[in-house]
Each structure stands twice: as structure tokens, then as C-alpha cells.
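Note that these values count all heavy atoms, side chains included, but never hydrogens, waters or copies made by symmetry.
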Amino acid sequence: MGDTSKGEQRIGLLNGFAAYGMWGLFPLFFPLLEPAGAGEVLAHRMMWSFVVVAVVLLVVRRWRWAGELLRQPRKLGLVAVAAAVISVNWGVYIWAVNSGHVVEASLGYFINPLVTIAMGVLLLKERLRPAQWAAVGVGLAAVVVLTVGYGRPPWISLILAFSFATYGLMKKKVNLGGVESLAAETAIQFLPALGYLLWLTAQGHSTFTSEGPGHTALLAATGVVTALPLVCFGAAAIRVPLSTLGLLQYLAPVFQFLCGILYFHEAMPAERWAGFALVWLALVVLTADSLRTARRSARLRSTLAATAPVTEEAVAGTVAGTGTEPATGTAAATGTAAGTGAAPRVEA
């Protein structure tokens, strides 16, 4: 039994590394799609993602959720909002990568957990622990430093972070599985994307058929590139603890940052290093607090399990009643990543 559990955890970790690794290496993929512009790439990503997830759901025969969703207008509206904000996220990310702003894009996913916490306070009236307040404060200081360093607010990072956090909030309210959620969102995106691509073709600006079969295949592959990390993430999420996924999520922006510095040779003057250092400090504080809270929760569960007199069901009910799984910043960010099929955020 123990060997089976360890084997499952190893599979989960490998899938987690694969998911966040793929999201982290997205900056190497999108330049391959040139000379297609960001708008054309975005439209192809929307259209082919829907095709891929629709085929997957047909194969596994999981369509019952669609009828239930159509009978719930409020949920359908939230899915439409999620589709809109992830469209903004994907579009800005693609433009940023192909315009030489990979490092600034990576910053958006570094600060996403901090933005998620801030939105929890402002919109959901959540109460923060002192360490979480400190992390948010250091994050705000980092944005100020980076604004001075760039000579402007880091708007690419802020748009990516806020759009991704909003996307996570919508997905939390909708409460659909990862593949189902992506299918619903891309179904909403499909017709506008198809219409835009047909318009591009009519204007003679489409590159889909004019740059050779390799270029055509790469544009069509955007669907697989979007869906595959999500499938790996889903396999990881059911096999490894949430705290582990919370740590793995930082792989994506780290890889993106390294791509920007080492592969694309983007400039990093001292003030930008200082801003990033403050962001990383905030994330260290946040992660340490999350891990400490998770350990405290685990000890409380063990105590309750040891002292509960009757059945396992009674123990489970007691633990559920205590709220021993607080929504930490890391957990919230991980939940957001689960819905992207993209990223951390990751990528987009």
C-alpha cells in the first residue's frame, strides 16, 4: 500500500514538473509562430484549443456537465467573464513574448499570488495573517521600485497578474473541472476567433496557409500546447499535496525569467534586479507562512483523529467543521493555476 502511494506521488510530481515546465517554456514556442501577429496567434489558440478539448471530452464521454451549465445562466455568465479575462491574459502574454518583454511577463506570474491575496481581501472580505499582510506590502514596494526602473508602471505584469487572478476567482465560483472549464471557455471564444481568422483571410493578412505546411502545423498545435499542460496538472493535482503544488507553481515564472535573461538576452539593470528581489522576498514570506499553516493544520487533524471516539466519518466531520484547511496565498494561487490550462500563469 505504501509503495503504491509513493509511486502515485512520484507520478504526480513528474506530471507537476511537466505541467509547470511546459508553461515556463512557452516563451520559446510563440516566436516560432512568426510572422503571425499576436491577434492571429491568439485566435488560433482559442479555436484549436476548443477542437482539442472537444475531442478529448468526446473520447471520454464527459458531456453531461454541458447541459447542466446551460441550465444555469449565472454560471454561464461567470464562464463568459472567465473566457473574456483569459483572452486578455493570453493576448497580452503572446504580444509580450514576441515583443521582447519576456522578463516583464514572468513578473506577472511571480506577483500573481500576491494579487490573488489582495483580491481576496478587497472582494471576498478575507482576513489575512500578519505574514500575508507583510508579503503584500513588500510586493507593493516592488511595484514602486520597478515603476521607477522601467520609467513607467510594469503594466504588462500587472495586466497578466490581475487578469489571471480574476480568471481564478471566476473559476472558483463556477467550480468545473479543468478540461470541462477550458471546453466551456473556448466554446465561447470559438466563433469570435473563427470570425476574426476568416476576416484576416479575406483581407489577405492571414499567414495560416501562406507560410508553408510547417507554419500551418505550428498554428494548429497551439491547441495541444494549451491542453497538454492542463492534463498533466490535473494528473498532479490528485496525487500530490496542495502545498507541493504551491511550490511547483513557481517553476513556470522562474523558467520564463531565465528564458528572458539567458536566451533572449533582455536587459536587467540594477533597479530591476532590486524590484525582482523584493518580489522574491515577498514570495518567500508568503510560502513560509503557507507551509507553517499547513503543518499546523496537519497536526490539528492528527489530534482530532486520535481523540475522536467513534468512526472515521465522525473524525472527517469534525475536521471539516474546524476549517483546518485555510485558503492561504499559495493555495489560492495554485487553484488559479489549475484553471488556466495556461498558467502560472502560467503562462497564460
Mind listing the closest non-hydrogen atom pair of Ala135 and Leu114 along with its distance?
O-CD2, 3.8 Å
So, do His205 and Leu200 sit near enough that their side-chain heavy atoms are less than 4.5 Å apart?
yes
What one should report as the nearest heavy-atom pair of Ala36 and Val41 is CB-CG2, 3.9 Å
Strictly distance-based, threshold 3.5 Å: is any side-chain N or O of Thr222 a donor or acceptor partner for the main-chain N or O of Leu219?
yes
Applying ring pair (Phe, Tyr, Trp, His ring centres under 6.0 Å) to Tyr93 and Trp90, what does each step give before you reach the verdict?
CA-CA 5 Å; Tyr93 185 84; Trp90 286 358; over 10 Å; no
Would Val121 and Val138 show up in the same hydrophobic cluster when neighbours are defined by side-chain heavy atoms closer than 4.5 Å?
no
Do Thr293 and Asp289 have side chains that approach each other closer than 4.5 Å (heavy atoms only, starting at C-beta)?
yes
Heavy atoms, side chains only, cut-off 4.5 Å: are Trp280 and Val284 in contact?
no
Write down the atom of Gln256, the atom of Val102, and the distance for their closest heavy-atom approach.
O-CG1, 3.3 Å
Working to the nearest 0.5 Å, report the span between CG of Leu70 and CH2 of Trp65.
8.5 Å
Interatomic distance, CG@Leu283 vs CG@Leu278, rounded to 0.5 Å, equals 11.0 Å
Does the pair Asn15 and Phe233 meet the rule for a side chain to side chain contact (heavy atoms under 4.5 Å, CB included), with working shown?
CA-CA 6 Å; Asn15 276 284; Phe233 179 87; over 6 Å; no
Taking side chain as C-beta onward, heavy atoms only, is Leu146 less than 4.5 Å from Phe276?
yes
Is Leu230 close to Thr226 at the side-chain level, that is, under 4.5 Å between some pair of heavy atoms?
no
Would Thr216 and Glu211 count as a side chain to side chain contact (heavy atoms under 4.5 Å, CB included) here? Give the steps.
CA-CA 7 Å; Thr216 300; Glu211 300 295 324; over 6 Å; no
So do the side chains of Pro35 and His215 get within less than 4.5 Å of each other, counting heavy atoms only?
yes
When rounded to the nearest 0.5 angstrom, what is the spacing between CZ in Arg292 and OG1 in Thr287?
11.0 Å
Begin with the C-alpha distance, continue with both residues' side-chain angles, and end with the deciding distance and a verdict on side chain to side chain contact (heavy atoms under 4.5 Å, CB included) for Lys171 and Leu176.
CA-CA 7 Å; Lys171 288 178 73 67; Leu176 278 177; over 6 Å; no
What about the rings of Trp95 and His101, do their centers lie closer together than 6.0 Å?
yes
Taking only residues two or more places apart in sequence, or in another chain, which ones meet Ser87 in a side chain to side chain donor-acceptor pair (under 3.5 Å)?
Gln189
State, with a plain yes or no, whether a side-chain heavy atom of Val143 is found less than 4.5 Å away from one of Pro153.
no
Using the ring of each side chain (for Trp, its six-membered ring), is Phe30 parallel, tilted or perpendicular to Phe26, with breaks at 30° and 60°?
perpendicular
Decide whether Val145 and Met268 are clustered together by the hydrophobic rule: side chain heavy atoms of Ile, Leu, Val, Met, Phe, Trp, Tyr closer than 4.5 Å, transitively.
no
Nearest heavy-atom neighbours spanning Pro31 and Val97:
CD-CG1, 4.0 Å
CG (Leu158) and OG (Ser163) are apart, to the nearest 0.5 Å, by 10.5 Å
Under the salt bridge (charged side-chain N to carboxylate O under 4.0 Å, His left out) test, which residues partner Arg152, sequence neighbours left out?
Glu104
All ring pair (Phe, Tyr, Trp, His ring centres under 6.0 Å) counterparts of Phe50, not counting sequence neighbours:
Phe190
Any donor-acceptor pair under 3.5 Å from Arg239 side chain to Gly16 backbone:
no
Where is the tightest heavy-atom contact between Glu185 and Ala82, given as atom of each residue plus distance?
OE2-CB, 4.1 Å
I need the minimum non-hydrogen distance between Gly24 and Cys259, along with the two atoms involved.
O-SG, 4.3 Å
Report whether Phe257 and Leu262 are members of the same hydrophobic cluster (ILVMFWY, side-chain heavy atoms less than 4.5 Å apart, transitive linking).
yes
Cluster overlap Leu197 with Phe208, hydrophobic side-chain contacts below 4.5 Å
yes
Gap separating the CD1 atom of Ile117 from the CG atom of Leu122, nearest 0.5 angstrom:
12.0 Å
For Trp63, look at atom CH2 and say whether over 12 heavy atoms of other residues, nucleotides or ligands are found less than 6.0 Å away.
yes
How long is the gap from CD on Gln72 to CG on Leu78, to the nearest 0.5 Å?
10.5 Å
Going through the distances and angles, do Thr186 and Val52 end up as a side chain to side chain contact (heavy atoms under 4.5 Å, CB included)?
CA-CA 10 Å; Thr186 52; Val52 170; over 6 Å; no
Does any non-hydrogen side-chain atom of Phe164 lie less than 4.5 Å from one of Val88?
no
